[in-house]
Amino acid sequence: MAKKATGQARYWLMKSEPNAYSIDDLAKEKKQTTFWDGVRNYQARNMLRDDIKVGDHVFFYHSNAKPMAIVGTAKVVKSGYADHTAFDKNEKHFDPKSDADNPTWYMVDIQLIQKYETPVTRDELKAEPKLEGMVLLQKGSRLSVQPVTAAEWKIIHKLAGVKP
DNA sequence: GCCAACGTTGGC
DNA sequence: GCCAACGTTGGC
(Lines give C-alpha, C1' and ligand atoms only; values in the text may rest on other atoms or scores of the structure.)
Protein backbone atom coordinates (compact mmCIF):
# COMPACT_ATOMS: atom_id res chain seq x y z
CA MET A 1 0.00 0.00 0.00
CA ALA A 2 1.14 3.54 -0.73
CA LYS A 3 2.97 5.49 1.93
CA LYS A 4 1.50 8.53 3.57
CA ALA A 5 1.70 11.77 1.68
CA THR A 6 5.14 13.27 1.69
CA GLY A 7 4.29 16.51 -0.05
CA GLN A 8 5.73 15.66 -3.42
CA ALA A 9 3.55 15.37 -6.47
CA ARG A 10 1.94 12.03 -6.79
CA TYR A 11 0.20 10.32 -9.64
CA TRP A 12 -2.83 8.11 -10.06
CA LEU A 13 -4.93 6.53 -12.73
CA MET A 14 -8.71 6.38 -12.67
CA LYS A 15 -10.78 4.18 -14.92
CA SER A 16 -14.14 4.97 -16.34
CA GLU A 17 -16.30 3.36 -18.95
CA PRO A 18 -16.95 6.16 -21.42
CA ASN A 19 -20.60 5.20 -21.88
CA ALA A 20 -20.97 5.80 -18.16
CA TYR A 21 -18.73 8.84 -17.86
CA SER A 22 -16.17 9.99 -20.40
CA ILE A 23 -13.51 12.67 -20.49
CA ASP A 24 -15.84 14.68 -22.71
CA ASP A 25 -18.39 14.61 -19.93
CA LEU A 26 -15.74 15.98 -17.59
CA ALA A 27 -14.84 18.66 -20.13
CA LYS A 28 -18.47 19.79 -20.18
CA GLU A 29 -18.81 20.09 -16.41
CA LYS A 30 -18.96 23.43 -14.71
CA LYS A 31 -15.33 24.37 -14.00
CA GLN A 32 -14.52 21.05 -15.69
CA THR A 33 -14.71 19.55 -12.24
CA THR A 34 -16.55 16.50 -10.95
CA PHE A 35 -16.70 14.22 -7.95
CA TRP A 36 -15.39 10.74 -8.54
CA ASP A 37 -18.18 8.70 -7.05
CA GLY A 38 -19.21 5.09 -7.13
CA VAL A 39 -15.97 3.40 -6.12
CA ARG A 40 -17.01 0.33 -4.14
CA ASN A 41 -13.77 -1.49 -3.61
CA TYR A 42 -11.88 -1.28 -0.34
CA GLN A 43 -8.40 -1.00 -1.76
CA ALA A 44 -9.47 1.85 -4.01
CA ARG A 45 -11.47 3.37 -1.16
CA ASN A 46 -8.38 3.45 1.03
CA MET A 47 -6.50 5.40 -1.59
CA LEU A 48 -9.36 7.84 -2.06
CA ARG A 49 -9.68 8.32 1.68
CA ASP A 50 -6.06 8.29 2.80
CA ASP A 51 -3.60 8.78 0.00
CA ILE A 52 -4.94 11.00 -2.75
CA LYS A 53 -4.31 14.65 -1.98
CA VAL A 54 -5.13 18.02 -3.50
CA GLY A 55 -2.68 18.74 -6.27
CA ASP A 56 -2.09 15.10 -7.13
CA HIS A 57 -2.30 14.27 -10.80
CA VAL A 58 -4.55 11.73 -12.44
CA PHE A 59 -4.66 9.89 -15.72
CA PHE A 60 -8.17 9.52 -17.08
CA TYR A 61 -8.54 6.06 -18.61
CA HIS A 62 -11.36 4.73 -20.74
CA SER A 63 -12.04 1.07 -20.01
CA ASN A 64 -14.33 -1.25 -21.94
CA ALA A 65 -14.08 1.11 -24.86
CA LYS A 66 -12.86 1.50 -28.39
CA PRO A 67 -10.12 2.24 -28.07
CA MET A 68 -9.14 1.52 -24.51
CA ALA A 69 -6.81 4.38 -23.75
CA ILE A 70 -5.52 7.06 -21.48
CA VAL A 71 -7.45 9.98 -22.84
CA GLY A 72 -6.19 12.87 -20.74
CA THR A 73 -5.25 14.16 -17.33
CA ALA A 74 -6.88 15.79 -14.36
CA LYS A 75 -5.84 17.07 -10.98
CA VAL A 76 -7.27 16.51 -7.55
CA VAL A 77 -9.02 19.63 -6.25
CA LYS A 78 -10.65 18.13 -3.17
CA SER A 79 -9.32 15.23 -1.14
CA GLY A 80 -11.30 12.31 0.26
CA TYR A 81 -14.77 12.90 1.63
CA ALA A 82 -17.91 10.81 2.01
CA ASP A 83 -19.42 9.49 -1.21
CA HIS A 84 -22.98 10.65 -0.69
CA THR A 85 -24.27 8.49 -3.55
CA ALA A 86 -23.89 5.54 -1.16
CA PHE A 87 -26.67 6.97 1.01
CA ASP A 88 -29.23 7.52 -1.74
CA LYS A 89 -31.28 4.49 -2.63
CA ASN A 90 -32.08 5.94 -6.02
CA GLU A 91 -28.40 5.85 -6.89
CA LYS A 92 -26.89 3.01 -8.79
CA HIS A 93 -24.17 2.56 -6.19
CA PHE A 94 -26.43 2.82 -3.16
CA ASP A 95 -25.05 0.87 -0.21
CA PRO A 96 -27.59 0.29 2.56
CA LYS A 97 -24.81 -0.60 4.96
CA SER A 98 -22.97 2.67 4.58
CA ASP A 99 -23.67 5.09 7.41
CA ALA A 100 -23.54 8.85 6.92
CA ASP A 101 -21.99 9.25 10.37
CA ASN A 102 -19.30 6.71 9.60
CA PRO A 103 -19.08 6.47 5.82
CA THR A 104 -17.79 3.37 4.18
CA TRP A 105 -17.15 4.93 0.80
CA TYR A 106 -15.17 7.99 -0.21
CA MET A 107 -14.63 10.14 -3.24
CA VAL A 108 -12.44 13.01 -4.38
CA ASP A 109 -13.03 15.90 -6.75
CA ILE A 110 -11.01 16.17 -9.92
CA GLN A 111 -10.64 18.90 -12.48
CA LEU A 112 -9.65 18.43 -16.09
CA ILE A 113 -6.10 19.43 -16.96
CA GLN A 114 -6.08 18.36 -20.57
CA LYS A 115 -7.77 16.04 -22.96
CA TYR A 116 -5.20 14.44 -25.24
CA GLU A 117 -5.67 15.15 -28.91
CA THR A 118 -4.36 11.67 -29.45
CA PRO A 119 -5.22 9.21 -26.71
CA VAL A 120 -2.50 6.81 -25.66
CA THR A 121 -4.05 3.45 -26.35
CA ARG A 122 -3.67 0.37 -24.24
CA ASP A 123 -1.83 -1.26 -27.15
CA GLU A 124 0.71 1.56 -27.16
CA LEU A 125 1.15 1.25 -23.42
CA LYS A 126 1.72 -2.48 -23.78
CA ALA A 127 4.24 -1.89 -26.54
CA GLU A 128 6.42 0.26 -24.29
CA PRO A 129 8.82 -1.98 -22.34
CA LYS A 130 9.36 0.63 -19.66
CA LEU A 131 5.69 0.44 -18.75
CA GLU A 132 5.76 -3.29 -18.08
CA GLY A 133 5.26 -2.70 -14.38
CA MET A 134 2.23 -0.47 -14.69
CA VAL A 135 -0.59 -1.62 -12.44
CA LEU A 136 -3.01 -1.13 -15.33
CA LEU A 137 -1.21 -3.69 -17.44
CA GLN A 138 -0.95 -6.42 -14.83
CA LYS A 139 -3.01 -9.46 -15.54
CA GLY A 140 -6.29 -9.43 -13.70
CA SER A 141 -5.82 -5.88 -12.49
CA ARG A 142 -9.28 -4.56 -11.76
CA LEU A 143 -8.52 -1.63 -9.50
CA SER A 144 -10.45 1.38 -10.71
CA VAL A 145 -8.14 3.74 -8.85
CA GLN A 146 -4.47 2.92 -8.95
CA PRO A 147 -1.09 4.47 -8.30
CA VAL A 148 1.19 5.58 -11.13
CA THR A 149 4.90 6.29 -10.74
CA ALA A 150 6.56 9.56 -11.69
CA ALA A 151 8.50 7.69 -14.36
CA GLU A 152 5.32 6.27 -15.85
CA TRP A 153 3.73 9.71 -15.81
CA LYS A 154 6.65 11.04 -17.84
CA ILE A 155 6.83 8.22 -20.34
CA ILE A 156 3.13 8.33 -21.09
CA HIS A 157 3.26 12.06 -21.74
CA LYS A 158 6.06 11.40 -24.15
CA LEU A 159 3.89 8.84 -25.92
CA ALA A 160 1.06 11.36 -26.01
CA GLY A 161 3.41 13.93 -27.47
CA VAL A 162 2.52 16.55 -24.91
CA LYS A 163 4.10 18.15 -21.88
CA PRO A 164 2.97 16.97 -18.49
C1' DG B 1 -12.32 -19.48 9.76
C1' DC B 2 -13.00 -22.09 5.58
C1' DC B 3 -14.53 -22.27 1.09
C1' DA B 4 -18.10 -22.85 -2.56
C1' DA B 5 -21.18 -20.08 -4.95
C1' DC B 6 -22.10 -15.99 -6.93
C1' DG B 7 -21.63 -11.36 -9.02
C1' DT B 8 -18.67 -8.06 -11.28
C1' DT B 9 -14.90 -6.23 -13.92
C1' DG B 10 -12.89 -5.59 -18.00
C1' DG B 11 -9.65 -7.37 -21.53
C1' DC B 12 -9.93 -10.17 -25.45
C1' DG C 1 -20.15 -12.70 -26.31
C1' DC C 2 -16.79 -15.14 -23.64
C1' DC C 3 -14.49 -16.00 -19.66
C1' DA C 4 -10.48 -15.42 -16.28
C1' DA C 5 -9.52 -13.07 -12.32
C1' DC C 6 -11.14 -11.08 -8.47
C1' DG C 7 -13.99 -9.67 -4.41
C1' DT C 8 -17.87 -10.63 -1.55
C1' DT C 9 -21.30 -13.42 0.71
C1' DG C 10 -23.12 -16.81 3.53
C1' DG C 11 -23.60 -21.63 5.13
C1' DC C 12 -21.29 -24.61 7.90
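The shown structure was predicted, so the numbers you read here are calculated from the model rather than taken from an experiment. Convention: sequence-line order gives letters A, B, ...; per-chain numbering from 1.
- When the P atom of dG10(B) is taken as reference, atom CG of Asp123(A) falls 18 Å away, rounded to whole Å.
- Between Tyr42(A) and Trp105(A), the ring planes are tilted. Angles from 30° to 60° get that label.
- Residue Lys66(A) is out of contact with every strand shown, counting any heavy-atom pair closer than 4.0 Å.
- Annotation: cation-pi pair Lys92(A)/Phe94(A) absent, no NZ/CZ under 6.0 Å from the ring centroid and within 45° of its normal.
- The distance from atom CG of Asp95(A) to atom C1' of dG7(C) is 14 Å, rounded to the nearest whole Å.
- Between Lys126(A) and dC12(B) there is a side-chain polar atom (N or O) within less than 4.0 angstrom of OP1 or OP2.
- Comment: Arg40(A) engages Asp83(A) in a salt bridge, judged by a side-chain N to carboxylate O separation of less than 4.0 angstrom.
- A sub-4.0 Å separation between OP1 or OP2 of dA4(C) and a side-chain N or O of Lys139(A) is absent.
- Ring pair Phe87(A)/His93(A): centre-to-centre distance not below 6.0 Å.
- One can place CG of Leu136(A) at 7 Å from P of dG11(B), the figure rounded to the nearest angstrom.
- With rounding to whole Å, Leu143(A) atom CG is found 8 Å from dG7(C) atom P.
- Regarding contacts with the backbone of dG11(B), a side-chain N or O of Tyr61(A) is found under 4.0 angstrom from either OP1 or OP2.
- Ranking dG10(B), dT8(C), dT9(C) by closeness to the Tyr42(A) side chain, first place goes to dT8(C).
- By the 30° and 60° cut-offs, the orientation of the rings of Trp36(A) relative to Phe60(A) is perpendicular.
- Each of Ser141(A) and Lys97(A) was assigned the nucleotide of DNA chain C with the nearest heavy atom; the assignment lying further toward the 5' end belongs to Ser141(A).
- Taking atom CD of residue Gln146(A) and atom P of nucleotide dC6(C), one finds them 13 Å apart after rounding to whole Å.
- If you check dC12(B), dT8(C), dT8(B) against the side chain of Arg142(A), the one that comes closest is dT8(B).
- One interatomic measurement links the two molecules: NZ of Lys92(A) to C1' of dT9(B), which rounds to 11 Å at whole-angstrom precision.
- Remark: C1' of dG10(B) and CG of Asn41(A) are 14 Å apart, rounded to the nearest angstrom.
- The interatomic distance linking Glu17(A) (CD) with dT8(B) (P) rounds to 13 Å, in whole Å.
- Note on Arg40(A): every side-chain N or O is 4.0 Å or more away from OP1 and OP2 of dT8(C).
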